[in-house]
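All remarks here apply to the structure that follows.
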Amino acid sequence: MKSVGVNGYGTIGKRVADAVSCQDDMKIVGVTKRTPDFEAQMAVQNGYPLYISAPEREGLFEEAGISVKGTINDLHDMVDIMVDCTPEGIGAQNMEVYKEKGIKGIFQGGEKQEAIGHSFNSFTNFKDAWGADYVRVVSCNTTGLCRTLKPIDDLCGIKKVRAVMVRRGADPGQVKKGPINAIVPNPPTVPSHHGPDVQTVMYDLNIITMALLVPTTLMHQHNLMVELESVPSIDEVIDTLEATPRVMLFEANRGAGSTAEIMEYAREMGRPRSDLFEIAVWKESINVDEGELFYMQAIHQESDVVPENVDCIRAMLEMEEDPDKSITKTNKAMGIVG
Ligand code: NAD
């Protein structure tokens, strides 16, 4: 049983903590918070040993009546690996501390590839993280692109990908981000960073992406145009995606024609926090024309990277050599389809 710590019990961190807790080969030995907010309170209520990530702020937790087990320095001594889920840029700073302490670290997509040195997706390069010390799980958008592009590449070979990403302006709980009433090319330059990010885990893929921010909080949405080496039938593509773990096909004509309805489906599934760990592909959008494949998909940004964090732990701690076995094990424990 491997001991895992989560540094930063926020949107991603609390989900990673729950996902690790339901596996039978790893356990959470502690989570950290910097601020004594309701998430810190919930961490304690959920039974996670809570540690303060900024020891000088201990008094704030005392004032708030939130009991902590110690500081992050105590937690460092207890873990086989730290899953760092702190805000963008903080993880890279923390990596230096993990190095000093001799502990392994997983980082999230907000960290730069150059800062961490190696990136991960369960389906594309699991084995390259075998025994590694510091690895970054690619972002929610990149994870979504990899989940569907990898099986398509395996089916018929990809010549090149062009994708337009419609990104949520903020997560549901974020009140200080936007836009509220605008469509914002983000970045206004082409390509966006998403294509190069995919290339950190699908090394030879020819991909260019463009991205927009829109006033929604529920999901990201992607529009893909994929030139292929060999031309499959639409049914072959549908069969391939239906057989792909962590991908779900939705039909607009069965009431799932929008991100709002897909998230309503996730609520009906009774998942914790209404999460949809799977990538949602609209079945009707799949089309093949003159050797080019078209499809549309949606990404639940708060949760899709979470199972990848679990697989990444297994690869880095040399717990399971076969990616398919890790993916199946993670999925089964988390109730993920496929
Ligand atoms: P978040 O703000 O929801 O949570 C971050 C947590 O870290 C909070 O609990 C906060 O209190 C804590 N924290 C803040 N400063 C800290 C510090 N200096 N040291 C330790 N802890 C600190 O952020 P998030 O959305 O969970 O994002 C975390 C990482 O995951 C980022 O790299 C982000 O880019 C990436 N990511 C986010 C999403 C998403 O849609 N939210 C999706 C995929 C990847």
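As a basis for the values below, the full set of heavy atoms in this structure was taken, side chains included, without hydrogen atoms, waters or symmetry mates. Whatever order the structure lists them in is the order used to number ligands and atoms, beginning at 1.
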>> Does R273, at its CZ atom, have more than 12 non-hydrogen atoms belonging to other residues, nucleotides or ligands within less than 6.0 Å?
In response: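 Enclosed.
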> So with a 6.0 Å cut-off around CE of M296, is the heavy-atom count from everything else above 12?
Replying inline: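 Not more than 12 within 6.0 Å, no.
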> Going by atom types alone, do R147 and S122 pair a side-chain donor with an acceptor below 3.5 Å?
Replying inline: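 Side chains of R147 and S122: no pair found under 3.5 Å.
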> What residues come within 4.0 Å of ligand 1, counting heavy atoms only?
Replying inline: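 Within the 4.0 Å shell of ligand 1, which is judged on heavy atoms, sit N7, G8, Y9, G10, T11, I12, K33, R34, S53, C85, T86, P87, E88, I90, Q108, G110, C140, R168, D171, Q301.
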> Considering only heavy atoms from C-beta outward, does the side chain of E292 approach that of V226 to under 4.5 Å?
Replying inline: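 Heavy-atom side-chain distance check fails, nothing below 4.5 Å.
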>> Please check: side-chain N/O of E284 versus main-chain N/O of N253, any donor-acceptor pairing under 3.5 Å?
In response: yes
> Is K2 paired with D80 through a side-chain N to carboxylate O contact shorter than 4.0 Å?
Replying inline: no
